[in-house]
Undergrad: 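Have a look at the structure that comes next, please.
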Amino acid sequence: MKTPFTDADTEIAERNGTRLVRVTPRHDGDHRAWFTANAEALRSAMYEHAAVMVKGSGLVEQAELADLAEEIGGATLEYNERSTPRSRVTGKVYTSTEYPADQSIPQHNESAYSENWPHNVFFFCALAAQTGGETPVADSGAVLEKLPADLVRRFEDKGVLYTRTYRTGMGLSWQEGFQSDDKGHVENYCAEHGIRTEWDGDVLRTRQRRPAVTVHPVTGKKVWFNQAHLFHVEALPQAVREGLLEICGEDGLPRNAYYGDGSPIGAEEIETIQGAYAETTLAEPWRTGDLLMIDNILTSHGRRPFTGDRKVLVAMTQRKA
Ligand SMILES: O=C(O)CCC(=O)C(=O)O
């Protein structure tokens, strides 16, 4: 470990290029003092290993998650330009994505479809599920290395075109997606962020082109950083996919992804990407009170299905200058 932790036991879990550092603090009850003393070590462990889980963090208050995230990461961010349902808990602390317990959430770098993605993501387990419910991580550089060079080259050259149709009752409405009831506000936001818009009454279609691969500004590491495999219609279970295509047509799907020039991404390419994630994903069980922190460029996250009640909160931050 380049920057050693003080008053802590550390172990490193590893799977095919993904590493997660488990840190168990040893202190006399003052968890905030422990975090302050270890802030630099936690930051550098995220650069070195990408994912860090502090077991038994001592956090109890929901608002404290934002304070800790600001101390270790940077300024906390609002969840704007949403693609999944989350609720604000307090300030800039949100629930993690509220999808049904029996579903998995595929690995993704948070908001990689947007220009406004967070640099760090902090997940706090306020209540661990009875079974399952892990938040798996996968190293974005390891995913890139697993992918065939010709596929990476195509994606790198063309980027990804994300298409969305916001309508009430099917996926997110534009009001929820953009957190505003004002079409003018949405238009301005989209114009500022290179998003093309098309209105049909209260239905909004958007198209935005983003890179598929990026380079970490601090470590210089080149990584796979996009959500093509999650937006693509092939990511849906067959029955849902067929139903949606029948009702909305390809142009009206709540979400879809193409190559940046508008040409189709094949189903087998999506399968190859899903396979690279599957090979590199590491799932650490949650215990109530654990805190997972990741560098959002270097590490993707997802969610495993679960039973029982589960509450995971999230705070997203910029990078400390
Ligand atoms: O609930 C979790 O563990 C993570 C869910 C997720 O992928 C997200 O909120 O982006």
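Numbering of ligands and ligand atoms starts at 1, following listing order. For clarity, every value in this text was computed on a predicted model and none was experimentally measured. The analysis underlying the following values was restricted to heavy atoms, covering all of them including side chains, and did not include hydrogens, waters or symmetry mates. The first residue of the sequence shown is numbered 1, and numbering continues consecutively from there.
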Undergrad: Any chance CZ of R287 has more than 12 other-residue heavy atoms, nucleotides or ligands included, within less than 6.0 Å?
TA: no
Undergrad: Below 4.0 angstrom from a heavy atom of I105, which ligand 1 atoms are there? Numbered from 1 as shown, please.
TA: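 Numbered from 1, ligand 1 contributes 5 (C), 7 (O).
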Undergrad: Where on T97 is there a heavy atom closer than 4.0 Å to ligand 1, on the side chain, on the backbone, on both, or on neither?
TA: both
Undergrad: Which ligand 1 atoms are under 4.0 Å away from a heavy-atom of T135?
TA: 2 (C), 3 (O)
Undergrad: Does F155 form a side-chain contact (heavy atoms from CB on, under 4.5 Å) with V160? I'd like the steps, not just the answer.
TA: CA-CA 7 Å; F155 272 94; V160 176; 3.9 Å; yes
Undergrad: Please determine if R164 forms a cation-pi arrangement with Y113, meaning its NZ or CZ atom is less than 6.0 Å from the six-membered ring centre and no more than 45° off the ring axis.
TA: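 Yes.
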Undergrad: Inspect the surroundings of CD in E98 and state if more than 12 heavy atoms from other residues, nucleotides or ligands are less than 6.0 Å away.
TA: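 Correct, the count exceeds 12.
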Undergrad: Side chain, backbone, both or neither: which part of R304 has a heavy atom under 4.0 Å from ligand 1?
TA: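 Looking at R304 and ligand 1, no heavy atom falls under 4.0 Å.
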Undergrad: With heavy-atom distances below 4.0 Å as the criterion, list the atoms of ligand 1 near S96.
TA: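 Going through ligand 1 atom by atom, the ones under 4.0 Å from S96 are 1 (O), 2 (C), 4 (C), 5 (C), 9 (O).
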Undergrad: So if I count the atoms of ligand 1 from 1 in the order they appear, which ones are less than 4.0 Å from some heavy atom of R86?
TA: 8 (C), 9 (O), 10 (O)
Undergrad: Pairs of nitrogen or oxygen atoms closer than 3.5 Å, one from R303 and one from ligand 1: do any exist?
TA: no
Undergrad: In ligand 1, which numbered atoms sit nearer than 4.0 Å to a non-hydrogen atom of G302?
TA: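 What qualifies from ligand 1 is 3 (O), 4 (C).
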Undergrad: Look at atom CG of D309 and say whether more than 12 heavy atoms of other residues, nucleotides or ligands are closer to it than 6.0 Å.
TA: no
Undergrad: Do R86 and Y79 form a cation-pi contact, if we require the NZ or CZ to be under 6.0 Å from the six-membered ring centre and within 45 degrees of the ring's axis?
TA: yes
Undergrad: Measuring from atom CZ of R303 to atom OG1 of T135, what distance do you get when rounded to the nearest 0.5 angstrom?
TA: 8.5 Å
Undergrad: Does V314 have a heavy atom less than 4.0 Å from any atom of ligand 1?
TA: no
Undergrad: Would you mind checking if R153 and E156 are paired as a salt bridge, meaning a charged N to carboxylate O distance below 4.0 Å?
TA: no
Undergrad: I'd like to check whether W286 has a polar contact with ligand 1, where a contact means an N/O of the residue lying under 3.5 Å from an N/O of the ligand.
TA: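 There is no such contact.
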Undergrad: Could you tell me whether H108 approaches ligand 1 through its side chain, its backbone, both or neither, with non-hydrogen atoms closer than 4.0 Å?
TA: side chain
Undergrad: Could you grab the distance from atom CG of N120 to atom CD of E70, nearest 0.5 Å is fine?
TA: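 Separation between the atoms: 12.0 Å.
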Undergrad: Considering the heavy atoms of E110, write down every atom of ligand 1 situated less than 4.0 Å from one of them.
TA: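 Ligand 1 atoms under the 4.0 Å threshold to E110: 10 (O).
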Undergrad: Between ligand 1 and E134, can you find any atom pair, the residue atom being a heavy atom, that is separated by under 4.0 Å?
TA: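 The answer is no: ligand 1 sits nowhere under 4.0 Å from a heavy atom of E134.
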